Amino acid sequence: MKTIVIANWKMNPATFREARKLFEATKKIADSAKSIAIVVAPPALYMRELRGAYMGARISFAAQNACFELGGAHTGGVSLAQIKDARVQYVLVGHAERRAAGETNEDTGKKVAAALAAGLVPIFCVGETKRSGSGEHFLFVKDQLRAGFASVPPAKASRVIVAYEPVWAIGSDAAMSPRDMHEMAIFIRKTVVEVCGESGHKVQILYGGAADETNAADMLRDGDVRGLLVGRASQDAGRFAALIRALGDA
Ligand code: 13P
């Protein structure tokens, strides 16, 4: 399985012109990093056009969010069928910034199941808002995982990618230590196996939260993760190139 690096552009850049420029640079980076699977998650408004114009095979695309309903009266929503129709393969579910805007654990469960049913790969995001000495963050993440996998057929569990993003590290100066990530990765796998059975062992786990060129290689080597979900460092072509270079042949 290849290392996967997801470029989450969030609500950036401000113009499509800039988005196209960033995508052109990302394409060059992807061409020089054959052992890494690069996924770009642009704003929904840019996604279809960027995807439509891309003839290569080195980059895949992800939607940043989706509705679980098939269609209907959901002003502002983007459906999984519309994402599929744009030839996009992945969809982020339960990103911390969506949860902060009101998405519940129950919503994420519906979205993960609906994404699988639609033939998309859900990148299911979990992560505690704060850490405590008594380990409550493990219970917090466990609740998120149980809800997200609640309606996943055991045979499909290994298709879900889990992105662990501790909320306190997102947008901060420092990523979590690889040692703490390693501990959390074991916990995530154990919990998914509890919910879905043995196929849960195969779930691919990513880390996100201040990931950049200074910490990416250590995280992949010692954090028990198969990839990264990158915000700021993916929105600047120079930084993203440095991050991918730092991974070498990860
Ligand atoms: P930063 O890499 O900017 O901390 O953002 C992480 C994130 O939320 C990616 O989804």
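Quick caveat: nothing in here was measured; it's all calculated off a predicted structure. Heavy-atom basis, side chains included; hydrogens, waters and symmetry copies ignored. As the structure lists them, so they are numbered: ligands from 1, and atoms in each ligand from 1.
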Q. In ligand 1, which numbered atoms sit nearer than 4.0 Å to a non-hydrogen atom of L229?
A. 9 (C), 10 (O)
(Q) How about CD on Q82, more than 12 heavy atoms from neighbouring residues, nucleotides or ligands closer than 6.0 Å, or not? (A) yes
(Q) Quick check on contacts: which atoms of ligand 1 are under 4.0 angstrom from a heavy atom of G171? (A) 1 (P), 4 (O)
Q) Quick one: does G208 get within less than 4.0 Å of ligand 1, heavy atoms only? A) no
Q: Indicate whether any N or O donor in one side chain lies under 3.5 Å from an N or O acceptor in the other, for W168 and E128.
A: yes
Q: Could you tell me whether some N/O pair between S172 and ligand 1 is separated by less than 3.5 angstrom?
A: no
(Q) Any nitrogen or oxygen of I170, side chain or backbone, less than 3.5 Å from one on ligand 1? (A) no
(Q) Please list the nearest protein heavy atom to atom 10 (O) of ligand 1 with its residue and the distance rounded to 0.1 Å. (A) H95 NE2, 2.8 Å
(Q) Would A210 count as a polar contact of ligand 1, with the cut-off being nitrogen or oxygen pairs under 3.5 Å? (A) yes
Q | Closest heavy-atom pair and its distance - A19, L50 | A | O-CD2, 4.5 Å
**Q.** Nearest-contact summary for atom 2 (O) of ligand 1 - protein heavy atom, Å
**A.** G231 N, 2.9 Å
Q.
Give me the atom names and distance for the closest heavy-atom approach of D212 to A233.
A. CB-CB, 4.0 Å
**Q.** Check: Y54 ring centroid to F23 ring centroid under 6.0 Å
**A.** yes
Q. For ligand 1, is K10 a contact, meaning one of its heavy atoms is under 4.0 Å away?
A. yes
Q: May I ask you to check if ligand 1 and V230 share an N or O to N or O distance below 3.5 Å?
A: no
Q) Considering only protein heavy atoms, which is closest to atom 7 (C) of ligand 1, and at what distance to one decimal place? A) E165 OE2, 3.0 Å
Q: Report yes or no: do E165 and H95 form a side-chain donor-acceptor pair below 3.5 Å?
A: yes
Q | Atoms of ligand 1 close to R232 [distance to a heavy atom under 4.0 angstrom, numbered from 1] | A | 1 (P), 2 (O), 3 (O), 4 (O)
Q: Output the list of atoms in ligand 1 that are nearer than 4.0 Å to some heavy atom of N8, sorted by atom number.
A: 9 (C), 10 (O)
Q. Any side-chain donor paired with an acceptor under 3.5 Å for D107 and T104?
A. yes
Q: Classify the side-chain pair T191/E194 by whether it contains a donor and acceptor separated by less than 3.5 Å.
A: no
Q: Would you please indicate yes or no on a ring centroid separation below 6.0 angstrom for Y164 and F187?
A: no
